[in-house]
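Have a look at the structure below before the remarks.
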Amino acid sequence: MLSIVLLSLVGSVLGSTQHNRAYDSPSYRAPQLGTNRNFVKKNHKRWEYYDGQLEFPYNVASGDPESDSVILWTHPVPTTDDSRPVCLEYQVSKQNNSWSDLVTSDQVWTTTDVDYSYKVEAKDLDPKTTYYYRFVNCADKNNVSPIGRFKTTPTVDDDDIDKLSFAVFSCSNHPYGFFNAYGNAAARDSIDYAVHVGDYIYEYRGDGCEDYYSCYGDGRDIGRVPEPNRELFLLDDYRARYAQYRSDSDLQALHQSHAWQLVWDDHEVADNTWKSGSADSNDTIAGTQYNTSFTERKANAVKAYFEWMPIRTVDTDDSLRIWRSFKFGTLADLYMLDTRQYNRDLTDLYYNTDEVKLLQEEEHRSLMGGRQENWLYHGLKNSSDRGAQWKILGQQIVFANLVSDNVDSWDGYKANRRRVIDTISQNNIDNVIVISGDSHANWVSDITYDDKEGYNTVTGDGSYLVEFAGTAVSSPSSHGYNSTANKPLPKEQYLQVAQTLINATGNEELQWTEGATRGYFELHLTRKEATAIYYGIDDVRVHSTNETVLATFVVEDKANKLKRPVAGGKVNGGWLAQRG
Ligand SMILES: *[C@@H]1O[C@H](CO)[C@@H](O)[C@H](O)[C@H]1NC(C)=O
Ligand SMILES: *[C@@H]1O[C@H](CO)[C@@H](O)[C@H](O)[C@H]1NC(C)=O
Ligand SMILES: *[C@@H]1O[C@H](CO)[C@@H](O)[C@H](O)[C@H]1NC(C)=O
Ligand SMILES: *[C@@H]1O[C@H](CO)[C@@H](O)[C@H](O)[C@H]1NC(C)=O
Ligand SMILES: *[C@@H]1O[C@H](CO)[C@@H](O)[C@H](O)[C@H]1NC(C)=O
Ligand SMILES: *[C@@H]1O[C@H](CO)[C@@H](O)[C@H](O)[C@H]1NC(C)=O
Ligand SMILES: *[C@@H]1O[C@H](CO)[C@@H](O)[C@H](O)[C@H]1NC(C)=O
């Protein structure tokens, strides 16, 4: 008996790791990004798998659902100090906790080379179906992971689908507060998928901060001091930070209960990144911390991201590509855009703000790069031609044209914004909704050209699309924060800021803004309308399930503007425009 078990512990490197996508994430062609399997065997004295017990401290996750497949993720940890490969069998079933009639399963290995990340594509699934999955230790069938759940999407031509829903998150800063938002969404269980539009982790250190930007919450008062407690530069730094975030029970609950669609913003790499640098790192200054250039740092960050996130490798020839789309029958297409890392032209790095302000109107400036812009514009036309009703653009920064000094948003790339609106207006594309994060406040707007020509500020006629931008899961408000006291401003002050923003001449498209609460929003799509429900959480320094519905907004089919009276004329926070 023993000899049989020992024999089966051995496999070939390629065969055993082939289906673990963590090795080629995001690209096996780029040496710094993928993990070459030819080198993997050299790193292991014995190419046989570990035969002891495993723990699953990071639970399970699923993502990038299609109509016939999904990505399943886990990250086993041996209970003894043993660096041999780990073998897990993934199992997928239509019944919860019933593993005798499996839909699909396979034994796949993971190793220390990819920090034990385990990422597989489960195939041959049925559309619009709820599945359950788990991971079983190949060496002990009783040693199993928690059970996860996900839903596949409808097939591309499915006309029957008449409702679809997402919860939308951004800016989850672990030392700044508890992830009540994730826990609440998991517990309510009223959505099909979870969408994260970036700043899933923060690269900052906690204590020993020199200034507001590098300080940004030290987490000591709530037991959430960053790990490692230094700014991230090295691959192991980023890996350790993901491990800390994914130890959070609320985050785990939502990963376990729903498939996610994710894309990054700047902090998955560094503060205010653009294609060749960030606010505090670039390739020209010598002596960057640990002598890591920005290019090396970005590769480290990207590799760790792809190891820890349940997402697909999009294009192994275009290793930084994360932008991709999802189709939900003829009800909706979801475009997940990268306005940050892929090909963004120079952004505000704090020391160059005046220079970037002079560039705002430049025709050639792009947030997305030519390849991604072309893909999006062709994609939007294609979605429209094939009759996909709603076109959702999941992306990072606030899209609306606002009177503000923030040139790190679309306001700093006006020509790129105009090209998006041109595509929509010139091709008569209806039902486009932008969903955004990044800003740590709530913003709901009609969207028109910067000159607002033809836009009726009372009825909203002349609007081309709508934006729902959400506040942070836990990052502090952009409507002002008391950094001396390291706590939020009083509510009245936030209300004042919201009123000033709504009243400002030039902000006529902005219908509601709110900065006092942390939270998220749900987007519910039907054939008749799209509805956004904004949830506000008062205090993320307390681990709690308390939340309130701040406001509910409706966009009717083909209206391309917010339904009047906006939010039914009533909100429970922030300031609603009264322009009638
Ligand atoms: C699935 O079954 C497990 C084990 O019985 C249970 O703990 C879990 O709540 C179930 N999950 C769902 C979504 O029903
Ligand atoms: C690199 O960063 C330093 C400070 O962080 C800055 O002074 C310098 O101008 C940057 N170089 C480039 C080419 O942006
Ligand atoms: C950075 O490189 C310099 C020059 O090679 C070296 O003296 C220094 O010790 C290095 N610093 C770190 C933190 O590795
Ligand atoms: C348009 O969408 C269809 C259906 O998904 C796809 O088969 C086709 O390749 C797309 N065409 C372009 C130009 O993107
Ligand atoms: C910020 O906090 C400090 C210390 O508690 C206090 O003195 C100051 O008035 C606060 N500032 C604002 C704008 O509320
Ligand atoms: C904003 O305008 C409203 C009237 O629409 C007014 O009641 C309020 O005082 C104004 N607030 C600020 C801060 O300008
Ligand atoms: C729950 O949140 C509401 C509104 O955000 C707030 O008024 C209330 O005090 C909170 N309750 C608790 C127990 O924190």
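If you check the side chains of T273 and R340, you find no donor sitting under 3.5 Å from an acceptor. Between N184 and E547, the side chains place a donor N or O and an acceptor N or O closer than 3.5 Å (distance only, hydrogens not considered). Defined by atom type and a distance below 3.5 Å, a donor-acceptor pair is missing between the side-chain atoms of S172 and R518. Judged by distance alone, the side chains of W410 and Q396 never bring a donor and an acceptor atom under 3.5 Å apart. In summary, the side chains of D283 and T295 do present a donor paired with an acceptor at a separation below 3.5 Å, with no hydrogens or angles considered. Looking at N343 and Q372, their side chains never bring a donor and an acceptor atom within 3.5 Å of each other. Side-chain contact check for D446 and Y455: at least one donor-acceptor pair (N or O, by modelled atom type) lies under 3.5 Å. Between D348 and T353, the side chains place a donor N or O and an acceptor N or O closer than 3.5 Å (distance only, hydrogens not considered). Side-chain contact, T517 with Y535: no donor N or O sits under 3.5 Å from an acceptor N or O.
At distances below 3.5 Å, at least one donor-acceptor pair connects side-chain atoms of N442 with backbone N or O atoms of T471. With hydrogens and angles ignored, the 3.5 Å screen pairs no side-chain donor or acceptor of N173 with any backbone N or O of S474. Under a 3.5 Å cut-off, the side chain of N456 and the backbone N or O of G462 do not form any donor-acceptor pair. Using modelled atom types, one side-chain atom of K561 and one backbone atom of T459 make a donor-acceptor pair closer than 3.5 Å. Remark: the backbone N or O of I322 is not paired with any side-chain donor or acceptor of R312 at under 3.5 angstrom. No side-chain donor-acceptor contact under 3.5 Å links S477 to the backbone of A516. The backbone N or O of V269 sits less than 3.5 Å from a side-chain atom of Y238, completing a donor-acceptor pair.
If you take NZ on K381 and CD1 on I429, they are separated by 7.5 Å, rounding to the nearest 0.5 Å.
Annotation: Y204 is not in aromatic contact with Y176 [ring centroid separation under 6.0 Å not met]. Taking the six-membered ring for Trp and the full ring otherwise, Y182 and F179 have centroids separated by under 6.0 Å.
Cation-pi geometry between R321 and W375 is satisfied (NZ or CZ under 6.0 Å from the ring centre, within 45° of the ring normal).
Each of D338, D315, D64 was compared with R324 under the salt bridge (Lys or Arg N to Asp or Glu O under 4.0 Å) criterion, and only D64 meets it.
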> Going through the distances and angles, do V263 and H196 end up as a side chain to side chain contact (heavy atoms under 4.5 Å, CB included)?
Replying inline: CA-CA 6 Å; V263 69; H196 202 294; over 6 Å; no
